[in-house]
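The chain is numbered in sequence order, starting from 1. As a basis for the values below, the full set of heavy atoms in this structure was taken, side chains included, without hydrogen atoms, waters or symmetry mates.
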Amino acid sequence: MDGNWGVALMVDLGTGEVSRRELPEQWFDEYIGGEGVAMRLFAELVDFDDLPLEPSQPLIAAAGPLSGTAAPSSGRTCFVFRSPASGAIGASNVGGHLSPAIKKAGYDLIVFTGAADNPVYVVIDDDTVEVRNAIGLWGKGVQDTEAAIREDLHGKGWQLAVIGPAGENGVMFASIMTDTERAAGRGGSGAAMGAKGLKAFAVRGTKPLPIADPDALKEASKKAREEFLTEEFVADELKPYGTPSFYDSISALGILPTQNWRRTTFPESIETLGHEAYHANLDVKPYACYACPVACGRVTTIKTGPYAGETGGGPEYETLGAFGAKCFCTDLNAVVKAGHLCNDLGLDTIAAGQVIAIAMEWYEKGILDTETADGFDLTWGNGEVFPALLEKIARREGLGNLLADGSRRAAAALGGDAGDYTFEVKGVELASCGVRASKGEGVSHAVSPRGADHLRPYASVVDAFGYRNEELGLTYDVDFLDDGNQQWVKPFMEFSMATNLLGVCLFSVITLAVQPSTWAATLSAATGREWSVESMLKAAERVINLERLVNARFGFTRADDTLPRRITSEPAPDGRGEGQVADLRVSLDSFYAAMGWDLESGVPTQETIDRLGLAGVV
């Protein structure tokens, strides 16, 4: 089977049994690979009646048909699991170099089931698979864990996935870390891995990739790379400044959540948190994931203050937004320290920063006081609390134990009006992408199957930034303040999902840089099957609807496609969306109709299920 091996490596951590499962070729025809085939297998393996962190639930690491090839940015790995944060599907995507190793070891998917009695890590060296004792690693941070495993393994070519103390302790927003600093952060993947007693897994592969037409793939990849590098924002902002380049433009557009979403701009922070200040005040080195020509990642060293000399990955834009703007903190070094520490503890910076911002507002409102705040001074902008509080969260100590459950559960425990100040969808905290001046982004957040989601698609690119794409039919004016007419989100959502099926980075299409036809040509060369833009997007549509059906089995309905109270009832006080709220009654009707979903339940109609061949799958 060209492009894919058609093989899942099955590792039962409860029994220690290891096997190879041959997957139907039809699955790759219908779901392409990556998240698509992983979700198809997940729908078969998941226990719909059991809790998310029970041993019965699978944890799947997925590579795509382009993983490890010459295609640009083809180093993405998708983890599929049942999210402990939401109870819905978990689908967390991470960069680095893991998926090429999975592919070169001869697998499309690695599936972990069961739970070990004592901590373990798994070593996958081509066809050899070994489960090793990890008791001595339990409790260690990501950096120390990775260093210890590499010393134990010897040799070159190993790629690791590791959890920190947060995953071990079941923090609802714990991450799985790759390349030490890259996070599969959304939805609590680290908690899903920790519940299995799995501290890490290491993969090394030496097999040639199953490519149908290497010469055609080389040419298509060259075109994709050229389109990627010549797009204006990528060339002028993303490549030279990395994701911190988003900070200035997002604030200028009025979609930067500030002081726990009270404001939508934070101009007074640009002098310290903007991308020019970031690169002037830190020692910064670019970091590239596998085959990436852009190298948007950053490795930073703090030059001054109490954290001087500390080095780590990031912070990326989302970390700047979470610990900076949302917490009303302009102290760059404090934000950088928080990002570095989250990576080592295995915490999703998006959720961690958002939860602390909420705690700051609870503190201001008197919902938390000095005693219930565990002695922390949670006044706005006090970045000095970040390190100690993050340690408490990761190890579930004191106030950290409350916050480790995520803001929805923490608010429920506090009672009263605490829930009025939370910012989550389906139990997953919102990223730093405002929605009152981007109504398409509001829809993206609300309907996401994995909880609050700013990337499937990053709709602000179209309605707030004004990007257009003829191949997706996005050629007309889109009003960023119009709650209705959200049908345009559908093709952009499908294109964004397609990157997760291919195994390439969303940033290749986040500004519509690499064209749909170019990715379709690259996929065709890899698989030997002719893929058109239409067939590729239909496969993505099939996965989107499959995830919707899986969530329906978990009990999710239209009522769960919602946004926080402040966004739907408090008009924005500033920015281009001043005076705006999100009216989801209008937005969801428009989007559901375009998707072929029932307007009352939000579930795909029978006509949609039949058209996509999903009858009986869930």
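- Between the side chain of Ser74 and the backbone N or O of Thr69, at least one donor-acceptor pair lies under 3.5 Å.
- Nearest heavy atom pair, residue Lys439 against residue Leu481, reads NZ-O, 3.5 Å.
- How far CD of Glu30 is from OG of Ser535: 12.5 Å, rounded to the nearest 0.5 Å.
- Considering CG of Leu506 and CZ of Arg76, their distance stands at 8.0 Å, rounded to 0.5 Å.
- Rounded to the nearest 0.5 Å, atoms CG (Asp574) and OG1 (Thr264) are 3.5 Å apart.
- Using modelled atom types, one finds a donor on one side chain and an acceptor on the other under 3.5 Å when comparing Trp261 with Gln354.
- When every heavy atom of Pro65 is checked against every heavy atom of Leu501, the shortest pair comes out as CD-O, 3.2 Å.
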### Task
Could you check Ile89 against Val80 for side chain to side chain contact (heavy atoms under 4.5 Å, CB included), going step by step and ending with a plain yes or no?
CA-CA 7 Å; Ile89 64 163; Val80 172; over 6 Å; no
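- For Lys326 and Glu429, the salt-bridge test fails: no basic side-chain N is under 4.0 Å from an acidic carboxylate O.
- Here the SG-CZ distance, from Cys505 to Phe228, works out to 6.0 Å after rounding to the nearest 0.5 Å.
- Here the side chains of Leu472 and Leu512 are in contact, with some heavy-atom distance below 4.5 Å.
- In this structure the side chain of His454 reaches within 4.5 angstrom of the side chain of Glu318, judged on heavy atoms.
- For the pair Glu316 and Arg182, the salt-bridge criterion is met [side-chain N within less than 4.0 Å of a carboxylate O].
- A donor-acceptor pair under 3.5 Å is formed between the side chain of Ser444 and the backbone N or O of Pro457.
- Residues Leu109 and Trp5 form no side-chain contact, since every pair of their non-hydrogen atoms from C-beta on lies 4.5 Å or further apart.
- By the 4.5 Å heavy-atom criterion applied to side chains, Tyr290 and Ser67 are not counted as neighbours.
- A donor-acceptor pair is defined here as one N or O able to donate and one able to accept, closer than 3.5 Å; no such pair exists between the side chain of Glu534 and the backbone of Trp531.
- Side-chain contact between Val203 and Ile110 is present, with heavy atoms from C-beta onward closer than 4.5 Å.
- The backbone N or O of Ser432 lies less than 3.5 Å from a partner atom in the side chain of Tyr317, making a donor-acceptor pair.
- Applying the salt bridge (charged side-chain N to carboxylate O under 4.0 Å, His left out) criterion to Lys490, with sequence neighbours excluded, gives Glu494, Glu541.
- To the nearest 0.5 Å, the span separating CZ on Phe465 from CG on Leu253 amounts to 4.5 Å.
- Within the 3.5 Å criterion, the main-chain N or O of Arg186 finds no donor-acceptor partner in the side chain of Arg450.
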### Derivation of the side chain to side chain contact (heavy atoms under 4.5 Å, CB included) call for Asn469 and Phe495
CA-CA 11 Å; Asn469 185 273; Phe495 190 32; 5.8 Å; no
### Task
Output, in order, the C-alpha distance, side-chain angles, deciding distance and verdict of side chain to side chain contact (heavy atoms under 4.5 Å, CB included) for Arg436 and Arg576.
CA-CA 9 Å; Arg436 286 176 288 194; Arg576 293 202 302 172; over 6 Å; no
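- Under the 3.5 Å distance criterion, the side-chain polar atoms of Thr522 are matched with a main-chain donor or acceptor of Thr518.
- For the residue pair Asn485 / Ser590, no side-chain donor-acceptor distance below 3.5 Å is found, with atom types taken as modelled.
- Taking each heavy atom of Ala91 and Met39 in turn, the nearest pair found is CB-CE, 4.5 Å.
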#### Entry: Tyr458 vs Thr511, side chain to side chain contact (heavy atoms under 4.5 Å, CB included): CA-CA, chis, key distance, verdict
CA-CA 9 Å; Tyr458 183 44; Thr511 56; over 6 Å; no
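- Residues satisfying the salt bridge (charged side-chain N to carboxylate O under 4.0 Å, His left out) criterion with Glu25, sequence neighbours excluded, are absent altogether.
- Listed for the Asp344 side chain is a donor-acceptor partner under 3.5 Å among the backbone atoms of Val142.
- Under a 4.0 Å N-O distance rule, the pair Asp108/Lys103 qualifies as a salt bridge.
- Residues satisfying the side chain to side chain contact (heavy atoms under 4.5 Å, CB included) criterion with Ala183, sequence neighbours excluded, are Ser175, Met177.
- Among residue pairs with one or both ends in residues 267-281, those qualifying as salt bridge (Lys or Arg N to Asp or Glu O under 4.0 Å) are Arg263-Glu268; sequence neighbours excluded.
- A side-chain donor-acceptor contact under 3.5 Å links Arg298 to the backbone of Ala295.
- Using a distance-only test at 3.5 Å, with no hydrogens or angles considered, a donor-acceptor pair links the side chain of Ser92 to the main chain of Gly185.
- Scanning all heavy atoms of the two residues, the minimum distance from Val425 to His445 falls at CG1-O, 3.6 Å.
- For residues 206-222, the set of pairs meeting the salt bridge (Lys or Arg N to Asp or Glu O under 4.0 Å) definition, not counting sequence neighbours, comprises Asp127-Lys207.
- Residues Ala202 and Leu153 share a closest heavy-atom pair of CB-CD1, 3.7 Å.
- Rounding to the nearest 0.5 angstrom, the gap separating the CD1 atom in Ile211 from the OG1 atom in Thr527 is 9.0 Å.
- Nearest heavy atom pair, residue Ala291 against residue Pro293, reads O-CD, 3.5 Å.
- At a threshold of 4.5 Å between non-hydrogen side-chain atoms, the residues Leu430 and Ile350 do not count as touching.
- In this view, Glu237 and Phe233, Tyr241, Ser245, His275 satisfy the side chain to side chain contact (heavy atoms under 4.5 Å, CB included) rule, not counting sequence neighbours.
- Looking only at distances, a side-chain donor or acceptor of Thr258 sits under 3.5 Å from a matching main-chain atom of Leu256.
- A heavy-atom distance below 4.5 Å is found between the side chains of Phe201 and Met193.
- Within the 4.5 Å cutoff, side-chain heavy atoms of Ser508 are placed close to those of Val514.
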